[in-house]
Amino acid sequence: MVVSVVPDVTAITKEFDYVVPPEMRDHVRVGTMVRISLAGRRVGAWVTALNVEPPSAVALRPIAKVTGWGPSADVVELARWAAWRWCGRLPSLLGTASPPGAVVALPPVPGGRPPMSGPVSELAAAALAQPCAVLRLPPTEDPLAVVMAAMALGDALVVAPSVSMARLLAARLKRSGAAVALHPSQWVVAAAGGCTVVGARAAAWAPCPSMAAVVVLDEHDEALQEERSPTWNAREVAIERARRAGVPCLLVSPCPSLEALAAGPLVTASRNEERAAWPILDVVDRSRETGTAAVGPVSERLARLLRTDGRVACVLNRTGRAVLLACTVCQHLATCERCGAAVAQDGEGMLHCRRCGLMRPVVCTSCGSTRLRARKPGIERVAADLRAMLQEPVAVLTAGTSEAPVPPERVVVGTEAVLHQLPDARVVAFLDFDAELLAPRYRANEQALALLARAARLVGRRADGGRVVVQTRNGRHDVLDAVLNADPGRLVAGERARRAELSFPPLSALAVVSGAAAAEFAKSLLVGVPAGVDVLGPSDGTWLLRAPSHRVLCDALAATPRPAGRLRIEVDPLRL
DNA sequence: CGGACAAGCTGA
DNA sequence: CAGCTTGTCCGG
(Lines give C-alpha, C1' and ligand atoms only; values in the text may rest on other atoms or scores of the structure.)
Protein backbone atom coordinates (compact mmCIF):
# COMPACT_ATOMS: atom_id res chain seq x y z
CA MET A 1 0.00 0.00 0.00
CA VAL A 2 1.15 3.52 -0.84
CA VAL A 3 0.10 6.50 1.32
CA SER A 4 0.47 10.28 1.13
CA VAL A 5 2.13 11.99 4.08
CA VAL A 6 2.65 15.58 5.22
CA PRO A 7 6.06 15.95 6.90
CA ASP A 8 6.19 17.84 10.21
CA VAL A 9 8.61 20.38 8.76
CA THR A 10 7.40 23.96 8.82
CA ALA A 11 8.69 25.05 5.45
CA ILE A 12 7.46 22.01 3.50
CA THR A 13 3.98 22.31 2.10
CA LYS A 14 4.20 19.38 -0.30
CA GLU A 15 2.78 15.93 0.30
CA PHE A 16 4.93 12.88 -0.38
CA ASP A 17 4.18 9.26 -1.14
CA TYR A 18 5.61 6.36 0.88
CA VAL A 19 5.18 2.59 0.86
CA VAL A 20 3.65 1.03 3.97
CA PRO A 21 5.55 -2.18 4.88
CA PRO A 22 3.15 -5.14 5.32
CA GLU A 23 3.71 -5.41 9.09
CA MET A 24 2.60 -1.78 9.60
CA ARG A 25 -0.49 -2.04 7.41
CA ASP A 26 -2.96 -2.60 10.27
CA HIS A 27 -1.72 0.44 12.15
CA VAL A 28 -1.85 3.01 9.37
CA ARG A 29 -4.95 5.11 8.72
CA VAL A 30 -5.56 8.73 7.75
CA GLY A 31 -4.12 10.90 10.54
CA THR A 32 -1.67 8.28 11.83
CA MET A 33 1.66 9.79 12.91
CA VAL A 34 4.68 8.14 11.33
CA ARG A 35 8.40 8.71 10.89
CA ILE A 36 9.87 8.88 7.42
CA SER A 37 13.30 9.47 6.01
CA LEU A 38 13.13 12.57 3.85
CA ALA A 39 16.21 13.79 2.01
CA GLY A 40 18.42 11.69 4.28
CA ARG A 41 16.97 12.64 7.67
CA ARG A 42 14.28 11.20 9.89
CA VAL A 43 11.26 13.45 10.35
CA GLY A 44 7.77 13.03 11.73
CA ALA A 45 4.79 13.07 9.38
CA TRP A 46 1.05 12.56 9.23
CA VAL A 47 -0.63 10.13 6.86
CA THR A 48 -3.11 12.16 4.83
CA ALA A 49 -4.41 9.68 2.24
CA LEU A 50 -4.48 5.90 1.82
CA ASN A 51 -4.16 3.80 -1.34
CA VAL A 52 -2.82 6.60 -3.48
CA GLU A 53 -1.76 5.94 -7.07
CA PRO A 54 2.04 5.71 -6.85
CA PRO A 55 3.87 7.94 -9.31
CA SER A 56 5.74 5.58 -11.59
CA ALA A 57 8.78 7.78 -12.15
CA VAL A 58 10.19 7.81 -8.60
CA ALA A 59 11.33 4.95 -6.42
CA LEU A 60 9.25 5.07 -3.24
CA ARG A 61 10.79 4.73 0.21
CA PRO A 62 9.13 2.82 3.00
CA ILE A 63 7.64 4.41 6.12
CA ALA A 64 10.34 4.01 8.79
CA LYS A 65 8.10 3.69 11.82
CA VAL A 66 4.54 4.12 13.02
CA THR A 67 4.66 6.59 15.92
CA GLY A 68 1.03 6.24 16.91
CA TRP A 69 -2.46 7.64 16.73
CA GLY A 70 -3.07 11.10 15.32
CA PRO A 71 -6.11 13.18 14.40
CA SER A 72 -9.03 11.38 12.76
CA ALA A 73 -9.67 11.64 9.03
CA ASP A 74 -12.39 14.26 9.48
CA VAL A 75 -10.08 16.45 11.57
CA VAL A 76 -7.34 16.12 8.92
CA GLU A 77 -9.85 17.39 6.38
CA LEU A 78 -10.86 20.17 8.79
CA ALA A 79 -7.19 21.15 9.07
CA ARG A 80 -6.98 21.35 5.28
CA TRP A 81 -9.94 23.69 5.29
CA ALA A 82 -8.40 25.81 8.10
CA ALA A 83 -5.09 26.00 6.21
CA TRP A 84 -7.03 27.64 3.40
CA ARG A 85 -9.26 29.76 5.67
CA TRP A 86 -6.33 31.27 7.64
CA CYS A 87 -3.72 30.94 4.92
CA GLY A 88 -1.53 28.74 7.10
CA ARG A 89 0.49 25.61 6.84
CA LEU A 90 -1.04 22.21 7.36
CA PRO A 91 1.65 20.83 9.74
CA SER A 92 1.05 23.55 12.33
CA LEU A 93 -2.69 22.83 12.37
CA LEU A 94 -2.20 19.06 12.43
CA GLY A 95 0.19 19.57 15.34
CA THR A 96 -2.57 21.32 17.30
CA ALA A 97 -4.91 18.41 16.57
CA SER A 98 -2.37 15.76 17.63
CA PRO A 99 -1.72 14.16 21.01
CA PRO A 100 1.02 15.68 23.19
CA GLY A 101 2.96 12.40 23.21
CA ALA A 102 3.06 9.16 21.21
CA VAL A 103 -0.18 7.19 21.53
CA VAL A 104 0.36 3.52 20.70
CA ALA A 105 -3.01 2.19 21.78
CA LEU A 106 -6.37 3.60 22.84
CA PRO A 107 -7.82 2.56 26.19
CA PRO A 108 -11.08 0.55 26.22
CA VAL A 109 -14.25 2.65 26.31
CA PRO A 110 -15.77 2.47 29.79
CA GLY A 111 -19.23 0.95 29.44
CA GLY A 112 -22.35 1.56 31.49
CA ARG A 113 -22.26 5.31 31.93
CA PRO A 114 -23.69 6.32 35.33
CA PRO A 115 -26.71 8.63 35.27
CA MET A 116 -25.85 12.31 35.29
CA SER A 117 -27.37 14.66 37.80
CA GLY A 118 -27.72 18.36 37.36
CA PRO A 119 -29.86 21.07 35.88
CA VAL A 120 -30.42 21.17 32.13
CA SER A 121 -31.06 24.50 30.41
CA GLU A 122 -34.30 24.30 28.42
CA LEU A 123 -33.26 27.36 26.47
CA ALA A 124 -30.05 25.61 25.41
CA ALA A 125 -31.96 22.46 24.55
CA ALA A 126 -34.22 24.50 22.26
CA ALA A 127 -31.22 26.20 20.66
CA LEU A 128 -29.58 22.82 20.06
CA ALA A 129 -32.51 21.87 17.83
CA GLN A 130 -31.01 24.28 15.26
CA PRO A 131 -28.01 23.36 13.11
CA CYS A 132 -26.19 26.39 14.56
CA ALA A 133 -27.57 28.82 17.10
CA VAL A 134 -26.42 31.61 19.41
CA LEU A 135 -27.44 31.49 23.05
CA ARG A 136 -27.18 34.83 24.81
CA LEU A 137 -26.41 33.68 28.32
CA PRO A 138 -26.18 36.54 30.84
CA PRO A 139 -22.76 36.92 32.47
CA THR A 140 -23.70 35.58 35.89
CA GLU A 141 -25.55 32.50 34.59
CA ASP A 142 -23.83 29.16 35.10
CA PRO A 143 -22.90 27.58 31.76
CA LEU A 144 -23.04 24.10 33.33
CA ALA A 145 -26.75 23.67 32.56
CA VAL A 146 -26.04 24.65 28.94
CA VAL A 147 -23.32 22.05 28.62
CA MET A 148 -25.62 19.49 30.24
CA ALA A 149 -28.22 20.22 27.56
CA ALA A 150 -25.65 19.41 24.88
CA MET A 151 -24.57 16.27 26.70
CA ALA A 152 -28.16 15.08 26.70
CA LEU A 153 -27.69 14.59 22.93
CA GLY A 154 -24.59 12.38 23.39
CA ASP A 155 -20.86 13.08 23.46
CA ALA A 156 -20.35 16.83 23.35
CA LEU A 157 -17.29 18.81 22.35
CA VAL A 158 -17.01 21.87 24.60
CA VAL A 159 -14.63 24.74 23.85
CA ALA A 160 -13.92 27.29 26.58
CA PRO A 161 -11.91 30.52 26.22
CA SER A 162 -9.29 29.64 28.84
CA VAL A 163 -7.53 26.60 30.25
CA SER A 164 -8.66 27.47 33.78
CA MET A 165 -12.32 27.69 32.77
CA ALA A 166 -12.04 24.39 30.87
CA ARG A 167 -10.40 22.69 33.84
CA LEU A 168 -13.04 23.96 36.24
CA LEU A 169 -15.87 22.89 33.95
CA ALA A 170 -14.40 19.42 33.41
CA ALA A 171 -14.03 18.92 37.16
CA ARG A 172 -17.63 19.97 37.79
CA LEU A 173 -18.95 17.69 35.05
CA LYS A 174 -16.97 14.79 36.42
CA ARG A 175 -18.39 15.44 39.87
CA SER A 176 -21.90 15.29 38.47
CA GLY A 177 -21.23 11.81 37.13
CA ALA A 178 -20.31 12.51 33.51
CA ALA A 179 -17.56 10.83 31.52
CA VAL A 180 -15.22 13.72 30.62
CA ALA A 181 -11.85 14.08 28.93
CA LEU A 182 -9.82 17.28 29.30
CA HIS A 183 -8.05 18.31 26.12
CA PRO A 184 -5.14 18.10 25.41
CA SER A 185 -3.83 16.20 28.47
CA GLN A 186 -6.46 13.43 28.15
CA TRP A 187 -6.26 13.19 24.37
CA VAL A 188 -6.21 9.41 24.53
CA VAL A 189 -9.36 9.23 26.63
CA ALA A 190 -11.13 11.55 24.21
CA ALA A 191 -9.93 9.55 21.19
CA ALA A 192 -11.29 6.34 22.68
CA GLY A 193 -14.75 7.94 22.63
CA GLY A 194 -17.76 7.63 24.90
CA CYS A 195 -17.12 10.88 26.74
CA THR A 196 -17.60 14.61 26.57
CA VAL A 197 -14.47 16.51 25.63
CA VAL A 198 -13.66 19.85 27.26
CA GLY A 199 -10.75 22.18 26.63
CA ALA A 200 -9.54 25.65 25.74
CA ARG A 201 -9.41 26.85 22.12
CA ALA A 202 -7.32 23.89 20.92
CA ALA A 203 -10.22 21.63 21.90
CA ALA A 204 -11.88 22.66 18.64
CA TRP A 205 -9.37 20.14 17.23
CA ALA A 206 -9.82 17.46 19.88
CA PRO A 207 -10.76 13.89 18.96
CA CYS A 208 -14.43 13.15 19.56
CA PRO A 209 -15.36 10.02 17.61
CA SER A 210 -19.10 9.99 18.30
CA MET A 211 -19.57 13.73 18.55
CA ALA A 212 -23.23 14.67 19.03
CA ALA A 213 -22.97 18.43 19.63
CA VAL A 214 -20.43 21.25 19.75
CA VAL A 215 -20.59 24.05 22.34
CA VAL A 216 -18.44 27.18 22.32
CA LEU A 217 -18.50 29.07 25.62
CA ASP A 218 -17.89 32.84 25.60
CA GLU A 219 -17.70 32.74 21.83
CA HIS A 220 -17.01 36.52 21.82
CA ASP A 221 -13.76 36.03 23.75
CA GLU A 222 -10.68 36.98 21.76
CA ALA A 223 -8.71 34.25 23.54
CA LEU A 224 -10.49 31.82 21.18
CA GLN A 225 -8.26 33.11 18.42
CA GLU A 226 -4.71 31.84 18.10
CA GLU A 227 -2.29 34.78 18.22
CA ARG A 228 0.43 33.08 16.23
CA SER A 229 -0.03 32.59 12.52
CA PRO A 230 -2.16 30.82 11.31
CA THR A 231 -4.55 32.88 13.44
CA TRP A 232 -7.38 30.33 13.49
CA ASN A 233 -10.40 31.05 15.63
CA ALA A 234 -11.88 28.20 17.67
CA ARG A 235 -15.42 29.53 17.18
CA GLU A 236 -15.08 29.40 13.41
CA VAL A 237 -13.35 26.00 13.51
CA ALA A 238 -16.12 24.67 15.76
CA ILE A 239 -18.86 25.97 13.46
CA GLU A 240 -17.24 24.34 10.43
CA ARG A 241 -16.55 21.10 12.28
CA ALA A 242 -20.13 20.79 13.48
CA ARG A 243 -21.45 21.59 10.02
CA ARG A 244 -19.29 18.90 8.43
CA ALA A 245 -20.30 16.36 11.06
CA GLY A 246 -23.97 17.29 10.78
CA VAL A 247 -24.30 17.95 14.52
CA PRO A 248 -25.68 21.09 16.21
CA CYS A 249 -23.33 23.88 17.16
CA LEU A 250 -24.22 26.16 20.08
CA LEU A 251 -22.43 29.50 20.45
CA VAL A 252 -22.80 30.85 23.97
CA SER A 253 -22.01 34.39 25.11
CA PRO A 254 -23.34 37.18 27.31
CA CYS A 255 -22.57 39.57 24.41
CA PRO A 256 -22.62 37.62 21.13
CA SER A 257 -20.22 38.76 18.42
CA LEU A 258 -21.53 39.92 15.06
CA GLU A 259 -19.69 36.91 13.63
CA ALA A 260 -21.73 34.52 15.78
CA LEU A 261 -24.99 36.31 15.06
CA ALA A 262 -24.29 35.84 11.35
CA ALA A 263 -23.90 32.09 11.89
CA GLY A 264 -27.31 31.27 13.29
CA PRO A 265 -30.47 32.45 15.05
CA LEU A 266 -30.32 34.10 18.49
CA VAL A 267 -31.95 32.55 21.54
CA THR A 268 -32.36 34.64 24.70
CA ALA A 269 -33.98 34.38 28.09
CA SER A 270 -36.88 36.68 28.94
CA ARG A 271 -36.09 40.36 29.37
CA ASN A 272 -36.65 40.12 33.14
CA GLU A 273 -34.45 37.06 33.58
CA GLU A 274 -31.65 38.59 31.55
CA ARG A 275 -31.88 41.92 33.36
CA ALA A 276 -31.72 40.22 36.76
CA ALA A 277 -28.56 38.39 35.75
CA TRP A 278 -26.54 41.56 35.08
CA PRO A 279 -25.23 43.81 37.87
CA ILE A 280 -26.13 47.47 38.27
CA LEU A 281 -24.10 49.79 36.06
CA ASP A 282 -23.22 53.16 37.59
CA VAL A 283 -22.24 55.66 34.94
CA VAL A 284 -20.20 58.52 36.37
CA ASP A 285 -20.42 61.06 33.55
CA ARG A 286 -17.63 63.59 34.01
CA SER A 287 -18.46 65.67 30.94
CA ARG A 288 -20.49 68.15 33.03
CA GLU A 289 -17.91 68.48 35.81
CA THR A 290 -16.31 71.89 36.15
CA GLY A 291 -13.60 73.51 38.25
CA THR A 292 -11.72 71.44 40.80
CA ALA A 293 -14.15 68.53 40.49
CA ALA A 294 -13.05 67.92 36.90
CA VAL A 295 -9.41 67.64 37.90
CA GLY A 296 -7.90 64.37 39.04
CA PRO A 297 -8.48 60.77 38.05
CA VAL A 298 -11.07 60.01 40.76
CA SER A 299 -14.35 61.92 40.85
CA GLU A 300 -16.17 62.66 44.11
CA ARG A 301 -19.04 60.44 43.00
CA LEU A 302 -16.71 57.52 42.31
CA ALA A 303 -15.06 57.95 45.70
CA ARG A 304 -18.52 57.82 47.30
CA LEU A 305 -19.42 54.67 45.38
CA LEU A 306 -16.21 53.00 46.49
CA ARG A 307 -17.02 53.56 50.16
CA THR A 308 -19.04 50.34 50.28
CA ASP A 309 -18.42 47.09 52.05
CA GLY A 310 -16.34 44.41 50.40
CA ARG A 311 -13.60 44.22 47.83
CA VAL A 312 -13.30 46.93 45.21
CA ALA A 313 -11.31 46.53 41.99
CA CYS A 314 -10.38 49.68 40.08
CA VAL A 315 -9.31 49.17 36.47
CA LEU A 316 -7.02 51.53 34.59
CA ASN A 317 -4.97 50.25 31.68
CA ARG A 318 -2.09 52.63 32.35
CA THR A 319 0.84 51.51 34.44
CA GLY A 320 3.25 53.76 36.28
CA ARG A 321 2.59 57.16 37.75
CA ALA A 322 1.71 59.11 34.61
CA VAL A 323 1.92 58.22 30.92
CA LEU A 324 1.48 61.82 29.78
CA LEU A 325 2.58 64.98 31.55
CA ALA A 326 2.28 68.67 30.72
CA CYS A 327 4.08 71.73 32.08
CA THR A 328 1.85 73.75 34.43
CA VAL A 329 3.62 76.96 33.41
CA CYS A 330 3.80 76.82 29.58
CA GLN A 331 1.42 73.85 28.91
CA HIS A 332 4.13 72.15 26.83
CA LEU A 333 3.72 68.34 26.71
CA ALA A 334 6.66 66.41 28.17
CA THR A 335 8.36 64.62 25.28
CA CYS A 336 11.61 62.77 24.78
CA GLU A 337 14.41 65.01 23.46
CA ARG A 338 15.95 62.10 21.58
CA CYS A 339 12.96 60.49 19.79
CA GLY A 340 10.06 62.88 20.37
CA ALA A 341 7.70 60.36 21.99
CA ALA A 342 5.73 61.30 25.10
CA VAL A 343 7.69 60.55 28.27
CA ALA A 344 6.13 58.80 31.25
CA GLN A 345 6.79 58.99 34.96
CA ASP A 346 7.06 55.47 36.32
CA GLY A 347 7.96 56.11 39.96
CA GLU A 348 8.92 59.23 41.86
CA GLY A 349 11.36 61.51 40.07
CA MET A 350 12.83 60.84 36.60
CA LEU A 351 10.89 60.88 33.34
CA HIS A 352 11.24 57.78 31.17
CA CYS A 353 10.79 57.42 27.43
CA ARG A 354 8.94 54.14 26.84
CA ARG A 355 9.94 54.16 23.17
CA CYS A 356 13.72 54.67 23.28
CA GLY A 357 14.45 54.22 27.00
CA LEU A 358 16.03 57.63 27.64
CA MET A 359 15.75 58.88 31.26
CA ARG A 360 15.70 62.53 32.25
CA PRO A 361 14.82 64.63 35.30
CA VAL A 362 11.38 66.23 35.74
CA VAL A 363 12.05 69.47 33.87
CA CYS A 364 10.09 71.12 31.07
CA THR A 365 12.27 71.15 27.93
CA SER A 366 10.46 74.26 26.73
CA CYS A 367 10.60 76.66 29.69
CA GLY A 368 12.73 74.91 32.30
CA SER A 369 9.95 74.71 34.86
CA THR A 370 10.00 71.73 37.24
CA ARG A 371 6.22 71.79 37.75
CA LEU A 372 4.65 69.15 35.53
CA ARG A 373 1.11 67.84 35.94
CA ALA A 374 -0.14 64.36 35.07
CA ARG A 375 -2.42 64.71 32.05
CA LYS A 376 -2.95 60.95 31.91
CA PRO A 377 -2.32 59.58 35.37
CA GLY A 378 -1.29 55.93 35.79
CA ILE A 379 -2.32 53.41 38.42
CA GLU A 380 0.40 54.45 40.88
CA ARG A 381 -0.86 58.03 40.92
CA VAL A 382 -4.50 56.94 41.13
CA ALA A 383 -3.70 54.65 44.04
CA ALA A 384 -2.14 57.61 45.86
CA ASP A 385 -5.22 59.77 45.16
CA LEU A 386 -7.57 57.03 46.37
CA ARG A 387 -5.57 56.55 49.55
CA ALA A 388 -6.07 60.22 50.31
CA MET A 389 -9.76 60.30 49.39
CA LEU A 390 -10.82 57.06 51.08
CA GLN A 391 -8.45 57.33 54.06
CA GLU A 392 -7.53 53.66 53.79
CA PRO A 393 -4.73 51.56 52.26
CA VAL A 394 -4.93 50.88 48.51
CA ALA A 395 -2.98 48.12 46.70
CA VAL A 396 -1.57 48.24 43.17
CA LEU A 397 -1.74 45.20 40.89
CA THR A 398 -0.47 44.65 37.34
CA ALA A 399 0.03 41.67 35.04
CA GLY A 400 3.64 41.58 36.22
CA THR A 401 2.57 41.00 39.83
CA SER A 402 0.14 38.30 38.68
CA GLU A 403 1.64 35.36 40.58
CA ALA A 404 1.54 37.33 43.81
CA PRO A 405 -1.15 36.40 46.34
CA VAL A 406 -4.39 38.41 46.45
CA PRO A 407 -3.53 41.65 48.29
CA PRO A 408 -5.11 42.12 51.74
CA GLU A 409 -6.18 45.71 51.00
CA ARG A 410 -9.90 46.16 50.38
CA VAL A 411 -9.34 48.52 47.45
CA VAL A 412 -7.06 47.41 44.61
CA VAL A 413 -6.05 49.51 41.62
CA GLY A 414 -4.66 47.73 38.61
CA THR A 415 -4.67 47.09 34.90
CA GLU A 416 -7.19 44.72 33.30
CA ALA A 417 -5.34 41.94 35.14
CA VAL A 418 -7.42 42.68 38.26
CA LEU A 419 -10.47 41.24 36.49
CA HIS A 420 -8.71 37.86 36.45
CA GLN A 421 -7.18 37.99 39.89
CA LEU A 422 -9.75 39.28 42.34
CA PRO A 423 -12.52 36.67 42.39
CA ASP A 424 -14.09 38.21 45.51
CA ALA A 425 -14.61 41.72 44.08
CA ARG A 426 -18.07 43.17 44.80
CA VAL A 427 -17.49 46.35 42.84
CA VAL A 428 -15.46 46.89 39.68
CA ALA A 429 -14.73 50.49 38.69
CA PHE A 430 -13.32 51.48 35.31
CA LEU A 431 -11.52 54.76 35.98
CA ASP A 432 -11.16 55.84 32.36
CA PHE A 433 -13.67 53.86 30.31
CA ASP A 434 -13.27 56.35 27.46
CA ALA A 435 -9.93 54.68 26.80
CA GLU A 436 -11.99 51.61 25.82
CA LEU A 437 -14.97 53.38 24.21
CA LEU A 438 -12.79 55.59 22.05
CA ALA A 439 -10.01 53.11 21.33
CA PRO A 440 -8.92 53.45 17.69
CA ARG A 441 -9.82 49.85 16.82
CA TYR A 442 -12.74 48.77 14.73
CA ARG A 443 -13.83 46.25 17.38
CA ALA A 444 -13.60 48.78 20.23
CA ASN A 445 -17.33 48.67 21.04
CA GLU A 446 -17.49 44.87 21.20
CA GLN A 447 -14.29 44.81 23.24
CA ALA A 448 -15.63 47.42 25.65
CA LEU A 449 -18.87 45.47 26.06
CA ALA A 450 -16.90 42.26 26.65
CA LEU A 451 -14.91 44.03 29.35
CA LEU A 452 -18.12 45.06 31.12
CA ALA A 453 -19.45 41.49 30.79
CA ARG A 454 -16.28 40.17 32.42
CA ALA A 455 -16.62 42.68 35.24
CA ALA A 456 -20.31 41.75 35.57
CA ARG A 457 -19.42 38.08 35.99
CA LEU A 458 -17.00 39.00 38.74
CA VAL A 459 -19.34 41.17 40.83
CA GLY A 460 -22.52 39.13 40.39
CA ARG A 461 -26.23 39.85 39.97
CA ARG A 462 -27.79 43.19 40.87
CA ALA A 463 -29.94 41.57 43.57
CA ASP A 464 -26.78 40.29 45.25
CA GLY A 465 -25.24 43.75 45.31
CA GLY A 466 -23.19 43.43 42.13
CA ARG A 467 -22.13 46.82 40.86
CA VAL A 468 -19.96 48.02 37.99
CA VAL A 469 -18.90 51.66 37.88
CA VAL A 470 -17.55 53.48 34.84
CA GLN A 471 -16.06 56.96 34.70
CA THR A 472 -16.60 58.47 31.27
CA ARG A 473 -17.36 61.61 29.33
CA ASN A 474 -19.61 59.59 26.99
CA GLY A 475 -22.43 58.74 29.36
CA ARG A 476 -24.89 58.09 26.52
CA HIS A 477 -22.62 55.76 24.58
CA ASP A 478 -24.37 52.72 22.99
CA VAL A 479 -22.17 50.29 24.92
CA LEU A 480 -23.18 51.83 28.26
CA ASP A 481 -26.79 51.99 27.14
CA ALA A 482 -26.69 48.24 26.41
CA VAL A 483 -25.34 47.36 29.85
CA LEU A 484 -27.59 49.86 31.69
CA ASN A 485 -30.52 48.00 30.16
CA ALA A 486 -28.85 44.59 30.47
CA ASP A 487 -29.61 44.16 26.78
CA PRO A 488 -26.50 43.56 24.62
CA GLY A 489 -28.80 43.32 21.62
CA ARG A 490 -29.15 47.12 21.68
CA LEU A 491 -25.63 47.44 20.34
CA VAL A 492 -26.06 45.04 17.44
CA ALA A 493 -27.96 46.95 14.74
CA GLY A 494 -25.91 50.12 15.12
CA GLU A 495 -22.64 48.26 15.29
CA ARG A 496 -23.44 46.23 12.18
CA ALA A 497 -24.35 49.43 10.32
CA ARG A 498 -21.05 51.06 11.36
CA ARG A 499 -19.10 48.02 10.18
CA ALA A 500 -20.99 47.95 6.89
CA GLU A 501 -20.37 51.67 6.38
CA LEU A 502 -16.61 51.18 6.70
CA SER A 503 -16.46 47.69 5.11
CA PHE A 504 -15.20 46.03 8.27
CA PRO A 505 -15.79 42.39 9.30
CA PRO A 506 -18.01 40.53 9.42
CA LEU A 507 -19.26 42.45 6.38
CA SER A 508 -15.86 41.96 4.78
CA ALA A 509 -12.79 39.81 5.32
CA LEU A 510 -9.41 41.28 6.29
CA ALA A 511 -5.82 40.09 6.34
CA VAL A 512 -2.66 41.85 7.48
CA VAL A 513 0.53 40.89 5.63
CA SER A 514 3.82 41.76 7.30
CA GLY A 515 7.43 40.62 7.55
CA ALA A 516 10.52 40.97 5.37
CA ALA A 517 8.91 39.17 2.42
CA ALA A 518 5.64 41.11 2.64
CA ALA A 519 6.57 43.54 -0.15
CA GLU A 520 7.22 40.77 -2.62
CA PHE A 521 4.07 38.93 -1.59
CA ALA A 522 1.97 42.09 -1.98
CA LYS A 523 3.55 42.72 -5.39
CA SER A 524 2.70 39.31 -6.78
CA LEU A 525 -0.76 39.56 -5.25
CA LEU A 526 -1.29 42.83 -7.13
CA VAL A 527 -0.25 41.25 -10.44
CA GLY A 528 -3.25 38.99 -10.60
CA VAL A 529 -5.39 40.86 -8.10
CA PRO A 530 -8.85 39.33 -8.29
CA ALA A 531 -11.93 41.49 -8.51
CA GLY A 532 -13.08 42.70 -5.12
CA VAL A 533 -9.75 42.43 -3.30
CA ASP A 534 -8.35 45.76 -2.09
CA VAL A 535 -4.65 45.94 -1.31
CA LEU A 536 -4.01 48.86 1.05
CA GLY A 537 -0.59 50.01 2.15
CA PRO A 538 2.18 49.70 2.83
CA SER A 539 2.21 51.35 6.22
CA ASP A 540 5.16 50.48 8.45
CA GLY A 541 5.98 47.60 6.11
CA THR A 542 2.55 45.99 6.46
CA TRP A 543 -0.18 45.62 3.91
CA LEU A 544 -3.90 45.31 4.56
CA LEU A 545 -5.99 43.13 2.30
CA ARG A 546 -9.74 43.51 2.19
CA ALA A 547 -12.28 41.44 0.31
CA PRO A 548 -16.05 41.13 0.41
CA SER A 549 -15.83 37.58 1.79
CA HIS A 550 -13.42 34.99 3.09
CA ARG A 551 -13.94 32.95 -0.05
CA VAL A 552 -12.60 35.77 -2.21
CA LEU A 553 -9.85 36.73 0.26
CA CYS A 554 -8.58 33.23 0.99
CA ASP A 555 -8.74 32.12 -2.64
CA ALA A 556 -6.64 35.17 -3.57
CA LEU A 557 -4.13 34.41 -0.79
CA ALA A 558 -3.95 30.75 -1.79
CA ALA A 559 -3.35 31.65 -5.43
CA THR A 560 -0.39 33.88 -4.57
CA PRO A 561 2.98 32.10 -4.40
CA ARG A 562 4.69 32.40 -1.03
CA PRO A 563 8.11 34.04 -1.45
CA ALA A 564 11.15 32.93 0.52
CA GLY A 565 11.78 34.83 3.72
CA ARG A 566 9.76 35.80 6.75
CA LEU A 567 6.12 36.42 5.98
CA ARG A 568 3.28 36.73 8.44
CA ILE A 569 -0.27 36.57 7.15
CA GLU A 570 -2.83 37.40 9.80
CA VAL A 571 -6.33 36.64 8.60
CA ASP A 572 -9.08 38.27 10.73
CA PRO A 573 -6.81 40.64 12.69
CA LEU A 574 -8.40 41.54 16.05
CA ARG A 575 -6.33 44.65 16.70
CA LEU A 576 -6.86 47.05 13.84
C1' DC B 1 13.86 22.73 7.91
C1' DG B 2 18.50 21.26 6.42
C1' DG B 3 21.51 19.01 2.99
C1' DA B 4 23.29 19.40 -1.79
C1' DC B 5 25.03 21.87 -5.06
C1' DA B 6 26.09 26.00 -7.86
C1' DA B 7 27.78 30.45 -8.24
C1' DG B 8 30.67 34.01 -6.48
C1' DC B 9 34.76 35.81 -3.91
C1' DT B 10 39.57 35.67 -2.27
C1' DG B 11 44.40 34.76 -1.98
C1' DA B 12 48.55 32.62 -3.66
C1' DC C 1 42.25 26.98 -8.97
C1' DA C 2 41.55 25.31 -4.15
C1' DG C 3 38.98 26.67 -0.30
C1' DC C 4 35.53 29.12 1.49
C1' DT C 5 30.97 31.74 1.81
C1' DT C 6 26.41 32.71 0.24
C1' DG C 7 22.26 31.65 -2.12
C1' DT C 8 18.79 28.68 -4.18
C1' DC C 9 16.49 24.52 -4.70
C1' DC C 10 14.17 20.42 -3.30
C1' DG C 11 12.84 16.38 -0.73
C1' DG C 12 8.77 10.43 -2.47
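The figures that follow rest on heavy atoms only: side chains count, while hydrogens, waters and symmetry mates do not. In the text below, chain A, chain B and the rest are named by the order of the sequence lines, each starting its count at 1.
Nucleotide C:dC10 holds its C1' atom 17 Å from the CZ atom of A:R562, rounded to whole Å. Remark: P of B:dG2 and CG of A:L38 are 12 Å apart, rounded to the nearest angstrom. Note: CD (A:E520) to C1' (C:dT8) measures 13 Å, nearest angstrom. Between A:K14 atom NZ and C:dC10 atom P there is a gap of 8 Å when expressed in whole angstrom units. Protein atom OH of A:Y18 is 11 Å distant from nucleotide atom P of C:dG11, rounded to whole Å. In this structure, the CZ atom of A:R42 is 15 Å from the C1' atom of C:dG12, given to the nearest Å. Taking atom CD1 of residue A:I12 and atom C1' of nucleotide C:dC9, one finds them 12 Å apart after rounding to whole Å. Atom pair A:R41:CZ and C:dC10:C1' shows a separation of 11 Å (rounding to whole Å applied).
A:W86 and A:D572 share a donor-acceptor pair across their side chains, judged by distance under 3.5 Å alone.
A:W205 does not carry A:R241 over the face of its six-membered ring by the limits of under 6.0 Å from the centre and within 45° of the normal.
Nucleic acid contact for A:R61: sugar-phosphate only, since backbone atoms but no base atoms lie under 4.0 Å from a heavy atom of the residue. Using a 4.0 Å heavy-atom criterion, one finds that A:I36 contacts no nucleic acid atom at all.
The pair A:R575-A:E570 fails the salt-bridge criterion, with no side-chain N (NZ, NE, NH1 or NH2) lying under 4.0 Å from an Asp/Glu carboxylate O.
Using a 4.5 Å heavy-atom threshold, the side chains of A:I239 and A:L251 count as touching.
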